[in-house]
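Here's the structure, in C-alpha coordinates; my notes come after.
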Amino acid sequence: SQATGFNIVTVSNYVGEFIKQGLVVERGFDVSSGGRKPILVELNAKAGFAIGVDLGPMDYPEIVMTGVIIDLKGTVVHRAVRRRSIESMDHALNYAGELIKQLLAESPVEAKKIRGAAIGVGGILDERAGTIRDTSHRGIRTSYLAAQARWESEFKIPVFVGNDASLAGYGEYRLGLERQVENMVYLYSDVGSSLILHGHVYWGSGGSAGELGVYVASEDDYLAWIKSPGFILSNVWDLGMTASAKKLVSEGHATSITEQVQGNVEAISMETVIQAAQTGDPLARELVEHGALQLGIRVATIVNLLNPEVVIIGGGIEKAGAMLMEPIWRAVKRYAYEEPASLVDVLPAKLGEDAVALGAACWVIREIFIQA
(Lines give C-alpha, C1' and ligand atoms only; values in the text may rest on other atoms or scores of the structure.)
Protein backbone atom coordinates (compact mmCIF):
# COMPACT_ATOMS: atom_id res chain seq x y z
CA SER A 1 0.00 0.00 0.00
CA GLN A 2 2.83 2.38 0.89
CA ALA A 3 4.77 1.60 -2.29
CA THR A 4 1.86 1.92 -4.72
CA GLY A 5 -0.18 4.63 -3.07
CA PHE A 6 -3.31 2.41 -3.23
CA ASN A 7 -5.32 2.07 -0.02
CA ILE A 8 -5.08 -1.15 2.00
CA VAL A 9 -8.52 -2.41 0.95
CA THR A 10 -7.63 -2.07 -2.73
CA VAL A 11 -4.33 -3.90 -2.23
CA SER A 12 -6.08 -6.67 -0.27
CA ASN A 13 -8.62 -7.10 -3.07
CA TYR A 14 -5.87 -7.39 -5.68
CA VAL A 15 -3.90 -9.88 -3.58
CA GLY A 16 -7.07 -11.88 -2.90
CA GLU A 17 -7.70 -12.14 -6.65
CA PHE A 18 -4.08 -13.16 -7.27
CA ILE A 19 -4.42 -15.88 -4.60
CA LYS A 20 -7.66 -17.12 -6.17
CA GLN A 21 -5.87 -17.47 -9.54
CA GLY A 22 -2.85 -19.17 -7.98
CA LEU A 23 -0.44 -16.37 -8.88
CA VAL A 24 0.25 -15.68 -5.19
CA VAL A 25 0.27 -18.10 -2.24
CA GLU A 26 0.00 -17.65 1.52
CA ARG A 27 3.01 -18.82 3.55
CA GLY A 28 2.17 -18.32 7.20
CA PHE A 29 1.92 -15.41 9.62
CA ASP A 30 4.18 -12.46 10.29
CA VAL A 31 4.92 -11.07 13.75
CA SER A 32 2.06 -8.97 15.05
CA SER A 33 2.70 -5.34 15.90
CA GLY A 34 -0.59 -5.23 17.75
CA GLY A 35 -3.84 -6.96 16.90
CA ARG A 36 -4.27 -9.85 14.48
CA LYS A 37 -1.12 -11.40 12.97
CA PRO A 38 -0.67 -10.37 9.33
CA ILE A 39 -0.59 -13.13 6.70
CA LEU A 40 2.55 -13.34 4.58
CA VAL A 41 2.15 -13.95 0.85
CA GLU A 42 4.65 -14.62 -1.91
CA LEU A 43 4.72 -14.95 -5.66
CA ASN A 44 4.00 -18.45 -6.95
CA ALA A 45 6.72 -18.51 -9.60
CA LYS A 46 5.47 -21.73 -11.22
CA ALA A 47 1.87 -20.59 -11.60
CA GLY A 48 2.56 -19.44 -15.14
CA PHE A 49 5.24 -19.10 -17.76
CA ALA A 50 5.96 -16.67 -20.59
CA ILE A 51 7.71 -16.85 -23.94
CA GLY A 52 9.99 -14.09 -25.20
CA VAL A 53 11.53 -13.92 -28.67
CA ASP A 54 14.26 -11.69 -30.05
CA LEU A 55 13.84 -11.52 -33.81
CA GLY A 56 17.38 -10.20 -34.28
CA PRO A 57 18.60 -7.32 -36.49
CA MET A 58 17.41 -7.10 -40.08
CA ASP A 59 20.75 -6.26 -41.69
CA TYR A 60 23.39 -8.29 -39.87
CA PRO A 61 25.18 -11.03 -41.88
CA GLU A 62 24.51 -13.99 -39.56
CA ILE A 63 21.23 -13.34 -37.81
CA VAL A 64 20.40 -15.38 -34.73
CA MET A 65 16.93 -15.42 -33.20
CA THR A 66 16.75 -16.15 -29.48
CA GLY A 67 13.74 -17.49 -27.61
CA VAL A 68 13.25 -18.11 -23.89
CA ILE A 69 10.59 -19.50 -21.58
CA ILE A 70 10.66 -17.99 -18.08
CA ASP A 71 8.64 -18.44 -14.89
CA LEU A 72 6.98 -15.56 -13.08
CA LYS A 73 10.22 -14.66 -11.26
CA GLY A 74 12.17 -14.42 -14.50
CA THR A 75 14.05 -17.71 -14.18
CA VAL A 76 14.78 -19.26 -17.59
CA VAL A 77 13.42 -22.80 -17.85
CA HIS A 78 14.16 -23.23 -21.56
CA ARG A 79 16.17 -21.42 -24.23
CA ALA A 80 16.36 -21.91 -27.98
CA VAL A 81 18.51 -20.29 -30.66
CA ARG A 82 17.71 -20.41 -34.36
CA ARG A 83 19.37 -18.84 -37.37
CA ARG A 84 17.46 -17.04 -40.08
CA SER A 85 18.41 -15.44 -43.35
CA ILE A 86 18.36 -11.74 -44.24
CA GLU A 87 14.98 -11.32 -45.85
CA SER A 88 12.00 -9.02 -45.70
CA MET A 89 10.17 -8.29 -42.46
CA ASP A 90 7.31 -10.54 -43.65
CA HIS A 91 9.66 -13.51 -43.83
CA ALA A 92 11.31 -12.56 -40.53
CA LEU A 93 7.94 -12.56 -38.75
CA ASN A 94 7.24 -16.03 -40.15
CA TYR A 95 10.53 -17.18 -38.64
CA ALA A 96 9.43 -15.73 -35.30
CA GLY A 97 6.25 -17.79 -35.44
CA GLU A 98 8.30 -20.92 -36.15
CA LEU A 99 10.50 -20.22 -33.12
CA ILE A 100 7.44 -19.84 -30.86
CA LYS A 101 6.17 -23.16 -32.22
CA GLN A 102 9.56 -24.76 -31.48
CA LEU A 103 9.58 -23.39 -27.92
CA LEU A 104 6.10 -24.75 -27.27
CA ALA A 105 7.08 -28.16 -28.64
CA GLU A 106 10.27 -28.32 -26.56
CA SER A 107 8.82 -26.74 -23.42
CA PRO A 108 9.58 -28.59 -20.18
CA VAL A 109 6.35 -27.22 -18.67
CA GLU A 110 2.73 -27.91 -19.53
CA ALA A 111 1.54 -25.93 -22.54
CA LYS A 112 -1.55 -24.74 -20.63
CA LYS A 113 0.72 -22.97 -18.13
CA ILE A 114 2.31 -20.79 -20.83
CA ARG A 115 0.29 -17.61 -20.56
CA GLY A 116 1.54 -15.64 -23.57
CA ALA A 117 4.40 -14.70 -25.87
CA ALA A 118 6.03 -11.45 -26.95
CA ILE A 119 8.37 -10.66 -29.84
CA GLY A 120 11.00 -7.93 -29.89
CA VAL A 121 11.35 -6.47 -33.38
CA GLY A 122 13.86 -3.92 -34.67
CA GLY A 123 12.14 -1.09 -36.48
CA ILE A 124 9.68 1.77 -36.11
CA LEU A 125 6.30 0.65 -34.80
CA ASP A 126 3.01 2.37 -35.49
CA GLU A 127 0.45 0.75 -33.20
CA ARG A 128 -2.39 2.76 -34.71
CA ALA A 129 -1.78 1.31 -38.17
CA GLY A 130 -0.36 -2.00 -36.93
CA THR A 131 2.83 -1.63 -38.98
CA ILE A 132 6.60 -1.90 -38.57
CA ARG A 133 8.95 0.22 -40.65
CA ASP A 134 12.11 -1.71 -41.43
CA THR A 135 14.73 1.03 -41.10
CA SER A 136 17.44 -1.11 -42.72
CA HIS A 137 15.45 -1.04 -45.95
CA ARG A 138 14.67 2.66 -45.82
CA GLY A 139 10.97 3.03 -45.36
CA ILE A 140 9.40 -0.34 -46.19
CA ARG A 141 6.41 -0.90 -43.92
CA THR A 142 5.01 -4.28 -42.97
CA SER A 143 1.73 -5.02 -41.20
CA TYR A 144 2.22 -7.28 -38.21
CA LEU A 145 -1.47 -7.58 -37.29
CA ALA A 146 -2.17 -10.49 -39.64
CA ALA A 147 0.79 -12.45 -38.29
CA GLN A 148 -0.22 -11.63 -34.71
CA ALA A 149 -3.77 -12.87 -35.30
CA ARG A 150 -2.44 -16.04 -36.96
CA TRP A 151 -0.14 -16.80 -34.03
CA GLU A 152 -2.85 -16.25 -31.43
CA SER A 153 -5.22 -18.52 -33.35
CA GLU A 154 -2.62 -21.27 -33.78
CA PHE A 155 -0.98 -21.18 -30.34
CA LYS A 156 -4.07 -20.25 -28.28
CA ILE A 157 -2.18 -17.63 -26.27
CA PRO A 158 -1.97 -13.83 -26.51
CA VAL A 159 1.01 -12.61 -28.53
CA PHE A 160 2.49 -9.13 -28.18
CA VAL A 161 4.86 -7.27 -30.53
CA GLY A 162 7.17 -4.48 -29.39
CA ASN A 163 10.35 -2.63 -30.28
CA ASP A 164 13.43 -4.69 -29.40
CA ALA A 165 15.31 -1.87 -27.65
CA SER A 166 12.28 -0.94 -25.53
CA LEU A 167 11.80 -4.55 -24.46
CA ALA A 168 15.51 -5.08 -23.78
CA GLY A 169 15.43 -2.06 -21.49
CA TYR A 170 12.38 -3.40 -19.71
CA GLY A 171 14.22 -6.69 -19.17
CA GLU A 172 17.20 -4.87 -17.67
CA TYR A 173 14.83 -2.85 -15.49
CA ARG A 174 13.09 -5.97 -14.13
CA LEU A 175 15.95 -8.47 -13.97
CA GLY A 176 19.27 -6.64 -14.29
CA LEU A 177 19.24 -3.85 -11.73
CA GLU A 178 20.44 -4.40 -8.19
CA ARG A 179 18.27 -1.60 -6.81
CA GLN A 180 14.84 -0.23 -7.54
CA VAL A 181 14.69 2.94 -9.61
CA GLU A 182 11.90 5.03 -11.05
CA ASN A 183 13.58 6.63 -14.06
CA MET A 184 15.99 4.74 -16.30
CA VAL A 185 17.28 4.91 -19.87
CA TYR A 186 18.61 1.87 -21.68
CA LEU A 187 20.70 2.47 -24.80
CA TYR A 188 20.69 -0.32 -27.35
CA SER A 189 24.16 0.66 -28.50
CA ASP A 190 23.69 3.86 -30.49
CA VAL A 191 20.60 3.03 -32.54
CA GLY A 192 17.71 2.85 -30.10
CA SER A 193 16.72 3.25 -26.48
CA SER A 194 14.21 2.24 -23.87
CA LEU A 195 12.73 4.96 -21.69
CA ILE A 196 11.48 3.92 -18.25
CA LEU A 197 9.72 6.91 -16.73
CA HIS A 198 8.15 6.72 -13.26
CA GLY A 199 8.39 2.93 -13.41
CA HIS A 200 6.65 2.54 -16.77
CA VAL A 201 7.93 2.01 -20.31
CA TYR A 202 7.32 5.14 -22.35
CA TRP A 203 6.25 3.91 -25.79
CA GLY A 204 5.19 7.29 -27.17
CA SER A 205 1.98 8.04 -29.05
CA GLY A 206 2.30 5.14 -31.48
CA GLY A 207 4.88 2.80 -29.96
CA SER A 208 7.99 4.26 -31.60
CA ALA A 209 9.55 6.30 -28.78
CA GLY A 210 13.24 5.81 -28.12
CA GLU A 211 14.78 6.13 -31.59
CA LEU A 212 18.02 8.07 -31.19
CA GLY A 213 19.03 8.92 -34.73
CA VAL A 214 17.77 11.28 -37.40
CA TYR A 215 15.94 9.59 -40.29
CA VAL A 216 18.05 9.99 -43.44
CA ALA A 217 15.92 9.60 -46.54
CA SER A 218 18.59 9.60 -49.25
CA GLU A 219 22.32 9.31 -49.86
CA ASP A 220 22.56 13.04 -50.52
CA ASP A 221 20.90 13.79 -47.18
CA TYR A 222 23.27 11.37 -45.48
CA LEU A 223 26.36 13.08 -46.90
CA ALA A 224 25.07 16.42 -45.67
CA TRP A 225 24.15 15.17 -42.21
CA ILE A 226 27.34 13.21 -41.63
CA LYS A 227 29.25 16.50 -41.41
CA SER A 228 27.13 17.45 -38.40
CA PRO A 229 28.22 16.85 -34.77
CA GLY A 230 28.22 13.20 -33.75
CA PHE A 231 25.36 13.57 -31.26
CA ILE A 232 22.95 14.60 -34.06
CA LEU A 233 23.38 11.70 -36.44
CA SER A 234 23.28 8.24 -34.94
CA ASN A 235 26.13 5.95 -35.85
CA VAL A 236 25.42 2.24 -36.10
CA TRP A 237 24.94 -0.43 -33.48
CA ASP A 238 28.73 -0.99 -33.12
CA LEU A 239 29.51 2.75 -32.86
CA GLY A 240 31.13 2.60 -36.30
CA MET A 241 34.09 0.57 -35.01
CA THR A 242 33.84 -2.13 -37.69
CA ALA A 243 33.71 0.24 -40.66
CA SER A 244 36.53 2.38 -39.26
CA ALA A 245 38.71 -0.69 -38.60
CA LYS A 246 38.17 -2.01 -42.13
CA LYS A 247 39.12 1.36 -43.61
CA LEU A 248 42.28 1.70 -41.53
CA VAL A 249 43.41 -1.88 -42.16
CA SER A 250 42.83 -1.42 -45.90
CA GLU A 251 45.03 1.68 -45.76
CA GLY A 252 47.84 -0.40 -44.29
CA HIS A 253 47.78 0.65 -40.63
CA ALA A 254 49.51 -1.85 -38.36
CA THR A 255 47.17 -3.63 -35.96
CA SER A 256 46.69 -7.09 -34.46
CA ILE A 257 43.16 -7.05 -35.88
CA THR A 258 44.71 -8.14 -39.20
CA GLU A 259 46.14 -11.26 -37.55
CA GLN A 260 42.84 -12.12 -35.90
CA VAL A 261 41.02 -12.19 -39.24
CA GLN A 262 44.00 -13.73 -41.09
CA GLY A 263 44.18 -10.78 -43.47
CA ASN A 264 40.50 -11.00 -44.48
CA VAL A 265 39.32 -7.41 -44.07
CA GLU A 266 35.67 -8.35 -44.56
CA ALA A 267 35.85 -10.66 -41.53
CA ILE A 268 36.50 -7.72 -39.19
CA SER A 269 33.67 -7.28 -36.68
CA MET A 270 32.95 -5.42 -33.49
CA GLU A 271 34.06 -8.50 -31.56
CA THR A 272 37.46 -8.64 -33.27
CA VAL A 273 38.04 -4.92 -32.59
CA ILE A 274 37.13 -5.36 -28.91
CA GLN A 275 39.31 -8.45 -28.58
CA ALA A 276 42.28 -6.61 -30.10
CA ALA A 277 41.68 -3.63 -27.79
CA GLN A 278 41.58 -5.92 -24.75
CA THR A 279 45.00 -7.31 -25.69
CA GLY A 280 46.42 -3.78 -25.81
CA ASP A 281 46.36 -3.04 -29.55
CA PRO A 282 46.73 0.78 -29.85
CA LEU A 283 44.61 1.22 -32.96
CA ALA A 284 41.76 -0.92 -31.61
CA ARG A 285 41.84 0.90 -28.27
CA GLU A 286 41.68 4.22 -30.10
CA LEU A 287 38.60 3.05 -32.03
CA VAL A 288 36.83 1.97 -28.85
CA GLU A 289 37.78 5.23 -27.11
CA HIS A 290 36.50 7.36 -29.99
CA GLY A 291 33.21 5.47 -30.23
CA ALA A 292 32.74 5.64 -26.47
CA LEU A 293 33.29 9.41 -26.35
CA GLN A 294 30.76 9.95 -29.14
CA LEU A 295 28.25 7.79 -27.29
CA GLY A 296 29.07 9.63 -24.07
CA ILE A 297 28.07 12.93 -25.68
CA ARG A 298 24.71 11.38 -26.56
CA VAL A 299 24.35 10.04 -23.01
CA ALA A 300 25.10 13.51 -21.62
CA THR A 301 22.32 14.95 -23.79
CA ILE A 302 19.89 12.32 -22.49
CA VAL A 303 20.97 12.96 -18.89
CA ASN A 304 20.29 16.68 -19.32
CA LEU A 305 16.94 16.03 -21.01
CA LEU A 306 15.47 13.30 -18.79
CA ASN A 307 17.47 13.45 -15.53
CA PRO A 308 17.38 9.64 -15.04
CA GLU A 309 18.76 7.74 -12.04
CA VAL A 310 20.44 5.13 -14.25
CA VAL A 311 21.61 4.88 -17.86
CA ILE A 312 22.37 1.33 -19.00
CA ILE A 313 24.57 0.64 -22.02
CA GLY A 314 23.71 -2.56 -23.90
CA GLY A 315 23.28 -4.03 -27.35
CA GLY A 316 26.64 -5.85 -27.33
CA ILE A 317 29.07 -2.95 -27.05
CA GLU A 318 29.15 -3.36 -23.27
CA LYS A 319 31.47 -6.34 -23.88
CA ALA A 320 34.30 -3.79 -24.14
CA GLY A 321 34.02 -3.29 -20.38
CA ALA A 322 35.89 -0.46 -18.66
CA MET A 323 37.50 0.64 -21.94
CA LEU A 324 34.02 1.68 -23.07
CA MET A 325 32.41 2.75 -19.81
CA GLU A 326 35.20 5.02 -18.55
CA PRO A 327 35.24 7.33 -21.64
CA ILE A 328 31.43 7.42 -21.63
CA TRP A 329 31.40 8.55 -18.01
CA ARG A 330 34.17 11.05 -18.72
CA ALA A 331 32.05 12.59 -21.50
CA VAL A 332 28.96 12.68 -19.27
CA LYS A 333 30.84 14.55 -16.54
CA ARG A 334 32.17 17.00 -19.11
CA TYR A 335 29.06 17.67 -21.19
CA ALA A 336 26.11 17.11 -18.82
CA TYR A 337 25.11 19.67 -16.23
CA GLU A 338 26.58 19.00 -12.81
CA GLU A 339 23.23 18.51 -11.06
CA PRO A 340 21.77 15.67 -13.20
CA ALA A 341 25.24 14.17 -13.76
CA SER A 342 25.76 13.86 -10.01
CA LEU A 343 22.58 11.79 -9.67
CA VAL A 344 23.02 9.32 -12.53
CA ASP A 345 24.81 5.97 -12.66
CA VAL A 346 26.05 4.79 -16.08
CA LEU A 347 26.20 0.99 -16.02
CA PRO A 348 26.84 -1.88 -18.46
CA ALA A 349 23.90 -4.15 -19.29
CA LYS A 350 23.66 -7.42 -17.35
CA LEU A 351 21.44 -9.63 -19.53
CA GLY A 352 23.76 -9.90 -22.54
CA GLU A 353 22.45 -11.45 -25.74
CA ASP A 354 19.22 -12.58 -24.03
CA ALA A 355 18.13 -9.04 -23.09
CA VAL A 356 15.45 -8.62 -25.76
CA ALA A 357 13.97 -12.11 -25.30
CA LEU A 358 13.94 -11.79 -21.50
CA GLY A 359 12.42 -8.32 -21.69
CA ALA A 360 9.73 -9.57 -24.04
CA ALA A 361 8.87 -12.42 -21.67
CA CYS A 362 8.80 -9.99 -18.72
CA TRP A 363 6.31 -7.88 -20.66
CA VAL A 364 4.03 -10.92 -20.93
CA ILE A 365 4.23 -11.38 -17.14
CA ARG A 366 3.27 -7.76 -16.67
CA GLU A 367 0.21 -8.33 -18.86
CA ILE A 368 -0.69 -11.48 -16.88
CA PHE A 369 -0.97 -9.50 -13.66
CA ILE A 370 -2.74 -6.55 -15.28
CA GLN A 371 -5.36 -8.85 -16.78
CA ALA A 372 -5.69 -10.78 -13.51
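Atom set for the values below is all heavy atoms of this structure, side chains included, hydrogens, waters and symmetry mates excluded.
- In this structure, E318 contributes its side chain and G316 its backbone to a donor-acceptor pair below 3.5 Å.
- In summary, D126 and R128 engage in a salt bridge, as defined by a charged side-chain N under 4.0 Å from a carboxylate O.
- Ion pairing between K246 and E266 holds under the 4.0 Å rule for side-chain N and carboxylate O.
- We find the CZ-CG distance between R82 and L99 to be 6.5 Å, quoted to the nearest 0.5 Å.
- Counting non-hydrogen atoms of neighbouring residues, nucleotides and ligands closer than 6.0 angstrom, the CD atom of E338 reaches no more than 12 such neighbours.
- A donor-acceptor contact shorter than 3.5 Å links the side chain of R285 to the backbone of A277.
- Ionic pairing of R84 and E98 is not present here: no N-O contact between side-chain nitrogen and carboxylate oxygen is shorter than 4.0 angstrom.
- Around the NE2 atom of H253, the shell of radius 6.0 Å holds more than 12 heavy atoms that belong to other residues, nucleotides or ligands.
- Following chains of ILVMFWY side-chain contacts shorter than 4.5 Å, one cannot reach L293 starting from M270, and the two form parts of different hydrophobic clusters.
- Neither F29 nor L40 shares a network with the other; the hydrophobic side chains, linked directly or stepwise wherever heavy atoms of I, L, V, M, F, W or Y lie under 4.5 Å apart, form separate groups for each.
- The two residues Y188 and A165 have their closest heavy-atom pair at CB-CB, 3.6 Å.
- Within a 6.0 Å radius of NE2 in H290, no more than 12 heavy atoms belonging to other residues, nucleotides or ligands are found.
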After noting the C-alpha distance and the side-chain angles of V364 and F49, does the key distance pass the side-chain contact (heavy atoms from CB on, under 4.5 Å) rule?
CA-CA 9 Å; V364 175; F49 298 83; over 6 Å; no
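- Classification of R150 and E154 as a salt-bridged pair fails, no side-chain N sitting under 4.0 Å from a carboxylate O.
- N7 and T10 are linked by a side-chain donor-acceptor pair at a separation below 3.5 angstrom, with hydrogens and angles left out of the test.
- Taking the side chain as every heavy atom from C-beta outward, V109 and I114 approach each other to under 4.5 Å.
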May I have the step-by-step check of salt bridge (charged side-chain N to carboxylate O under 4.0 Å, His left out) for K37 and D30, ending in yes or no?
CA-CA 6 Å; K37 289 183 178 181; D30 198 0; over 6 Å; no
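- Taking OG from S269 and CD from Q260, the interatomic distance works out to 8.5 Å, rounded to the nearest 0.5 Å.
- Two residues are said to be in side-chain contact when any heavy atoms from C-beta on lie closer than 4.5 Å; V311 and I328 fail this criterion.
- Linking ILVMFWY side-chain heavy atoms closer than 4.5 Å, directly or via other members, places I119 and L103 in a single hydrophobic cluster.
- With V53 as reference, I100 is the one residue of D164, I100, V159, V356 to meet the side-chain contact (heavy atoms from CB on, under 4.5 Å) rule.
- Atom CD1 of I8 sits in a sparse spot, with 12 or fewer heavy atoms from other residues, nucleotides or ligands closer than 6.0 Å.
- Here the CE atom belonging to M241 is positioned 8.0 Å from the CG atom belonging to L287, to the nearest 0.5 angstrom.
- Taking a cutoff of 4.0 Å between a charged side-chain nitrogen and a carboxylate oxygen, E289 and R330 qualify as a salt bridge.
- A distance-only check finds a donor-acceptor pair linking the side chain of S244 to the backbone of G240 [under 3.5 Å].
- Cluster membership check: V181 shares its hydrophobic cluster with L306, using side-chain heavy-atom separations under 4.5 Å among Ile, Leu, Val, Met, Phe, Trp and Tyr.
- Here E339 contributes atom CD and N304 contributes atom CG; the two are 9.5 Å apart, rounded to the nearest 0.5 Å.
- Residues L43 and L175 fall within the same hydrophobic cluster, defined by Ile, Leu, Val, Met, Phe, Trp and Tyr side chains chained together at heavy-atom separations under 4.5 Å.
- Taking 4.5 Å as the limit, every side-chain heavy atom of S208 sits out of range of all side-chain heavy atoms of N163.
- Donor-acceptor pairing under 3.5 Å is lacking for the side chains of E152 and Q148.
- Using a distance-only test at 3.5 Å, with no hydrogens or angles considered, no donor-acceptor pair links the side chain of T242 to the main chain of D238.
- Side-chain contact between L295 and I317 is present, with heavy atoms from C-beta onward closer than 4.5 Å.
- N44 and G22 get closest at one heavy-atom pair: ND2-O, 2.9 Å.
- When all heavy atoms of L187 and S193 are compared, the closest pair comes out as CD2-CB, 3.7 Å.
- Interatomic distance, CD1 of I63 versus CG of L55, reported as 8.0 Å (0.5 Å rounding).
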Verify side-chain contact (heavy atoms from CB on, under 4.5 Å) between N183 and N307, making sure each step is shown before the conclusion.
CA-CA 8 Å; N183 301 294; N307 191 197; over 6 Å; no
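- Within the 4.5 Å cutoff, the side chain of R298 has no heavy atoms near those of the Y335 side chain.
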Salt bridge (charged side-chain N to carboxylate O under 4.0 Å, His left out) assessment of K73 paired with E42:
CA-CA 11 Å; K73 285 188 176 179; E42 67 179 7; 5.4 Å; no
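- Checked by atom type and distance alone, the side chain of D354 never pairs as donor or acceptor with a backbone atom of L358 at under 3.5 Å.
- Looking at every heavy atom in both residues, A96 comes nearest to M65 through N-SD, 4.0 Å.
- Closest non-hydrogen pair, Y186 versus G315, comes out as OH-N, 3.3 Å.
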Show the numbers, then the answer: is there a ring pair (Phe, Tyr, Trp, His ring centres under 6.0 Å) between F369 and F18?
CA-CA 8 Å; F369 278 94; F18 293 153; 5.1 Å; yes
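- Around atom CD of E286, no more than 12 heavy atoms belonging to other residues, nucleotides or ligands sit under 6.0 Å away.
- One finds a salt bridge joining D345 and R179 here, because a Lys/Arg side-chain nitrogen approaches an Asp/Glu carboxylate oxygen to under 4.0 Å.
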Does the pair L195 and W203 meet the rule for a side-chain contact (heavy atoms from CB on, under 4.5 Å), with working shown?
CA-CA 8 Å; L195 308 177; W203 295 97; over 6 Å; no
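- Under a 4.0 Å N-O distance rule, the pair E106/K101 does not qualify as a salt bridge.
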Evaluate the side-chain contact (heavy atoms from CB on, under 4.5 Å) criterion for residues E172 and K350: first the C-alpha distance (whole Å), next the side-chain angles of each, then the deciding distance (0.1 Å), finally the verdict.
CA-CA 7 Å; E172 293 285 348; K350 293 286 187 66; 3.9 Å; yes
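- Side-chain contact between T142 and T131 is absent, with no heavy atoms from C-beta onward closer than 4.5 Å.
- Side-chain contact between L239 and Q294: absent, with no pair of heavy atoms (C-beta onward) separated by less than 4.5 Å.
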If you apply the rule side chain to side chain donor-acceptor pair (under 3.5 Å), what do you find for E271 with Q275, and how did you get there?
CA-CA 6 Å; E271 286 76 14; Q275 287 170 11; over 6 Å; no
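- Using a 4.5 Å heavy-atom threshold, the side chains of I124 and E211 count as touching.
- Across every non-hydrogen atom of G120 and L167, the tightest pair is CA-CD1, 3.7 Å.
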